[in-house]
Amino acid sequence: MNARRAELAAALKEVRTRIDDACLAAGRAPEEVRLVAVTKTFPASDAALLCDLGMVDLAENREQEAVAKAADLRELRPDAPVRWHMVGRLQRNKARSVVRWAAEVQSVDSPRLAEALARATGNAVDAGERSGPLDVLLQASIDGDPARGGCPLDELGRLADEVTRTGELRLNGIMAVAPRAMDPAEAFGRLAEAAAGLREDHPEATELSAGMTNDLEAAITHGSTCVRVGTALLGSRGLASP
Ligand SMILES: *Cc1c(COP(=O)(O)O)cnc(C)c1O
C-alpha cells in the first residue's frame with residue numbers, strides 16, 4: 001500500500017505541474033482549475049489514498065460501480081471531505097440511486113433526465129438521504145453526434161432553462177469530452193463559445209469541465225475550470241475497460 005501511495009503521490013505531483021504550466025502559459029491562476037480524479041475501474045483503496053493526498057473531488061462514470069465504491073470509501077475514510085461527481089451516461093432509472101452518493105452530476109443532457117434528477121433529489125432530501133440540492137453540469141456534445149450522449153450546443157440554453165426551473169438542481173455550468181476526430185483546440189474553442197453564450201442568460205453557470213489526460217492543456221487554454229483526469233493519475237485501464 002505504501003508503494004501505491006508513493007506512485008499516486010508522484011502522479012498527482014506531475015498532473016499538478018501540468019496544470020500549473022498550462023495555467024502559466026494561458027495567463028491564468030492555477031486556483032481557477034479544479035482537479036477531479038476519475039477513479040473508474042480502480043479500487044476504493046486508491047480513492048482512499050487520493051483522499052490522504054488531499055484530493056477532494058472524485059469521479060465515476062458508471063452508476064453501479066460508483067455506488068459500491070462510494071460506500072467502501074465511507075468505511076475506509078469516514079471523515080474525508082469527499083465530493084463525488086458522476087461523469088458518465090446516466091439512465092433515468094438510476095436517478096434515485098445517484099442522488100444518494102453524488103454531490104454533482106456532470107452528465108445532464110436531456111430535460112427528461114433533469115426532471116428525473118430533480119424529483120429524486122427532492123425525495124432524497126425529504127427522506128434525509130441527502131442534505132441539499134444537486135449540483136449539475138450540462139453535458140454538451142461538441143460535434144452534435146447523438147450516439148455518445150450530450151446535448152447539442154444550440155440546445156443548451158433550453159436545457160439550462162429546464163434545469164433552473166426545478167428548485168432541486170443547481171446549474172453550475174457545462175461539461176464536455178472532445179470528439180476523437182476533432183482537434184482538441186478547435187473542440188474546446190467551440191465549447192468555450194457555447195459556454196460564454198449560456199452565461200449571458202445563466203450567469204451562475206461558470207464551471208467549464210473540460211480536459212482529460214490527453215488534452216488538459218488545450219482545455220485550460222480555452223478556459224476550463226475543471227479537468228477530469230484518470231489515466232495520468234491512476235494508470236492505464238487496459239483495453240477492455242471503458
Ligand atoms: C474516463 C473519463 C475521464 C478520464 O479520462 P482519462 O483519459 O483517463 O484521463 C474523463 N471524463 C470522462 C467523462 C470519462 O469517462
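Heads up: numbering here begins at 1 and tracks the sequence. The basis for the numbers below is simple: all heavy atoms, side chains too, and nothing from hydrogens, waters or symmetry mates. Counting convention: from 1, in listed order, for ligands and their atoms alike. Given the structure is predicted, the values throughout are model-derived calculations rather than measurements.
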Query raised in the report: If we only count N/O pairs under 3.5 Å, is Ala232 in contact with ligand 1?
Result: no

Query - For the student: nearest non-hydrogen atoms of Ser141 and Gly149, plus distance - result: CB-O, 3.8 Å

Would you say the side-chain atoms of [X] pair up with the backbone N or O of [Y], donor to acceptor, closer than 3.5 Å?
X	Y	value
Glu63	Val98	yes
Arg130	Val99	yes
Thr121	Gly132	no
Asp21	Arg18	no

State the atoms of ligand 1, each with its element, that fall below the 4.0 Å cut-off from a heavy-atom position in [X].
X	result
Val229	9 (O)
Thr231	6 (P), 7 (O), 8 (O), 9 (O)
Val87	12 (C), 13 (C)

Query raised in the report: Of the backbone atoms (N, CA, C, O) and the side-chain heavy atoms from C-beta on, which set of Arg237 has a member under 4.0 Å from an atom of ligand 1: side chain, backbone, both, or neither?
Result: side chain

Report summary line: Looking at Val36, Thr213, Val15, the heavy atom closest to atom 6 (P) of ligand 1 belongs to Thr213

